[in-house]
Amino acid sequence: MRHLIEPEDFTLEEIEELVDTGLKIYENPRDYQKICDGKILASLFFEPSTRTKFSFDSAMMRMGGNVIGFADADTSSTKKGESLADTIRVMGYYADVIVMRHPKEGAPKLASQYSSIPIINGGDGGHQHPTQTLTDLITIKRFKGTISGHTVAFCGDLKYGRTVHSLIRTMARFGTKHFYLVSPEELRLPDALKRQLVDKYGVELKEVVYLEEVIENIDILYMTRIQKERFFNEADYLKLKNSFKVTREKIKTAKPDMIIMHPLPRVNEIAYDVDDDQRAVYFEQSEMGVYVRMALIAKLLEVGPYARG
Ligand code: CP
């Protein structure tokens with residue numbers, strides 16, 4: 001039995017195969033519409049979500065499976081004090097695979113130690129978001145043709161943004177070497193992660209404060225929102241909340257084939273009129289999340305293209 005708690009749980013070959021399978025499903029979804037017949041996904045969201053929860057639900061339903069679960073833990077027996085371990089043990093009798101999001105870092109890892117069925121981490125605190133990484137990589141492959149070899153700028157809240165933490169490490173594993181880190185001083189990428197990227201993967205990181213300094217050089221702009229829910233006090237959030245806004249003016253000098261990504265939700269870091277620019281692919285990115293999650297569920301359940309024998 002496999003779990004997906006962090007991207008390192010899968011080899012690079014497995015990740016690229018998931019991306020390629022997701023692209024095949026995207027091209028011919030009808031070929032996969034019955035592969036999860038009789039299977040059940042438990043979707044347990046202890047923290048709010050639109051894309052992760054509903055793209056997983058949609059992914060399972062598009063493969064003929066069913067979905068149970070909650071989007072608000074207060075409607076479950078967690079509210080009565082039940083432990084995560086007990087909840088997970090019980091769900092193993094009711095479902096075949098679990099996707100869970102939790103505000104506490106490490107909660108999905110803990111859950112995997114008590115689970116009789118595969119656990120997928122749908123985001124744990126400011127730590128990891130491995131299925132967003134799969135979503136990001138399938139989007140990059142769809143629009144740029146390859147996963148690696150691009151110059152990437154990550155912009156916004158690099159301290160708390162779990163999507164950045166999972167993606168930058170995975171891109172480095174794939175051999176991407178040039179990253180710009182665009183953020184205010186207070187929201188820089190954690191030092192331990194920077195050290196790992198440089199020491200283990202030999203990447204070149206350049207920290208800058210203004211997007212204008214790098215916009216002409218990049219192939220991918222990965223925007224993130226300031227993660228209000230991770231701040232310890234409101235004043236710090238208010239000081240930083242409008243640090244960045246991508247506007248049509250700011251991307252005027254960008255490459256014509258640069259792509260603008262964002263895991264969403266957007267708050268105010270990308271102006272709405274940028275949506276009409278052909279380089280903006282963040283809604284297609286949300287769309288691709290369904291197909292790569294279909295591939296992931298199939299892999300963990302060993303059905304369809306991942307059936308044994
Ligand atoms: N990208 C992402 O995780 O979005 P949700 O919080 O809506 O799931």
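As the structure lists them, so they are numbered: ligands from 1, and atoms in each ligand from 1.
For Arg225 and Phe244, the positive end is not near the middle of the six-membered ring at less than 6.0 Å and at most 45° from its axis.
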Is there any protein N/O under 3.5 Å from an N/O of ligand 1, and what does the full list of such pairs look like?
unit_1, atom_1, unit_2, atom_2, d
ligand 1, 1 (N), Gln132, OE1, 3.0
ligand 1, 1 (N), Pro263, O, 2.9
ligand 1, 1 (N), Leu264, O, 3.0
ligand 1, 3 (O), Thr52, OG1, 3.0
ligand 1, 3 (O), Arg101, NH2, 3.0
ligand 1, 3 (O), His129, NE2, 2.8
ligand 1, 4 (O), Arg51, NE, 3.1
ligand 1, 4 (O), Leu264, O, 3.3
ligand 1, 6 (O), Arg101, NH1, 2.9
ligand 1, 7 (O), Thr50, N, 2.8
ligand 1, 7 (O), Arg51, N, 2.9
ligand 1, 7 (O), Arg51, NE, 3.2
ligand 1, 7 (O), Arg51, NH2, 3.0
ligand 1, 8 (O), Ser49, OG, 2.6
ligand 1, 8 (O), Thr52, N, 2.9
ligand 1, 8 (O), Thr52, OG1, 2.8
ligand 1, 8 (O), Arg101, NH1, 3.4
ligand 1, 8 (O), Arg101, NH2, 3.3

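Remark: Tyr94 OH is loosely packed, at most 12 non-hydrogen atoms of other residues, nucleotides or ligands lying under 6.0 Å away.
Taking the side chain as every heavy atom from C-beta outward, Leu197 and Phe179 never approach each other to under 4.5 Å.
Checking Asp191, Leu193, Val198 one by one against Arg195, the side chain to side chain contact (heavy atoms under 4.5 Å, CB included) holds for a single residue, Asp191.
Look at Lys141 and Asp20 and you find a salt bridge, because one of the NZ, NE, NH1 or NH2 atoms lies within 4.0 Å of a carboxylate O, short of that distance.
Residue pairs meeting the ring pair (Phe, Tyr, Trp, His ring centres under 6.0 Å) criterion with at least one member in residues 1-31, sequence neighbours excluded: Tyr26-Tyr291.
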